[in-house]
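Just so it is clear, the model here is predicted, and its values are computed rather than measured.
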Amino acid sequence: MIRLVLKWSSPSDSRLRFLTGRILYEAGRTQEGLWNMQAAITGCPKTPEWADETIYYAQALSLDGEFNDLPAAISLLKEAIPYCDNVAREAIDVFC
């Protein structure tokens, strides 16, 4: 189903691409999910929606054992927080 959605959508639709990555990641297809999320947030305008997606991606990077990249995750978090309307404490607790 995900492939059909991507096939029918615009290649520049970063929100859809991020959602695809999140679904794949949560379904256990970690590498493919992380790749899609990274591709979606790279080069996008820095909006509150971008910030929320970036924080989720940073959490995924910090939590996943095989792809654990804490320095990159913290860097993403620092970049995203100024654009957030509201940051949940749980999002930050992952890094403490």
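- Note that OG1 of Thr20 and CZ of Arg15 are 12.5 Å apart. Values are rounded to the nearest 0.5 Å.
- Across every non-hydrogen atom of Gly33 and Leu24, the tightest pair is CA-CB, 3.8 Å.
- With sequence neighbours excluded, the residues forming a salt bridge (charged side-chain N to carboxylate O under 4.0 Å, His left out) with Glu26 are Arg22, listed by chain and number.
- Considering CE of Met37 and OH of Tyr56, their distance stands at 5.5 Å, rounded to 0.5 Å.
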N/O donor to acceptor pairs below 3.5 angstrom from side-chain atoms of residues 48-55, sequence neighbours left out:
| residue | atom | partner | partner atom | Å |
| --- | --- | --- | --- | --- |
| Glu49 | OE1 | Thr47 | OG1 | 3.3 |
| Trp50 | NE1 | Ile41 | O | 3.1 |
| Trp50 | NE1 | Thr54 | OG1 | 3.4 |
| Thr54 | OG1 | Trp50 | O | 2.8 |

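- Pairs engaging residues 72-86 under the salt bridge (Lys or Arg N to Asp or Glu O under 4.0 Å) rule: Lys46-Glu79 [sequence neighbours left out].
- Taking every heavy atom of both residues into account, Cys44 and Ala40 meet most closely at SG-O, 2.7 Å.
- Taking OG1 of Thr30 as the reference point, atom CG of Leu34 lies at 6.5 Å (rounded to 0.5 Å).
- Atom CG in Asn36 sits 10.0 Å away from atom CZ in Phe18 (nearest 0.5 Å).
- In this structure, Ser75 OG and Leu61 CG are separated by 10.5 Å, a value rounded to the nearest 0.5 Å.
- Between atom CH2 of residue Trp35 and atom CZ of residue Arg29 there is a gap of 12.5 Å, rounded to the nearest 0.5 Å.
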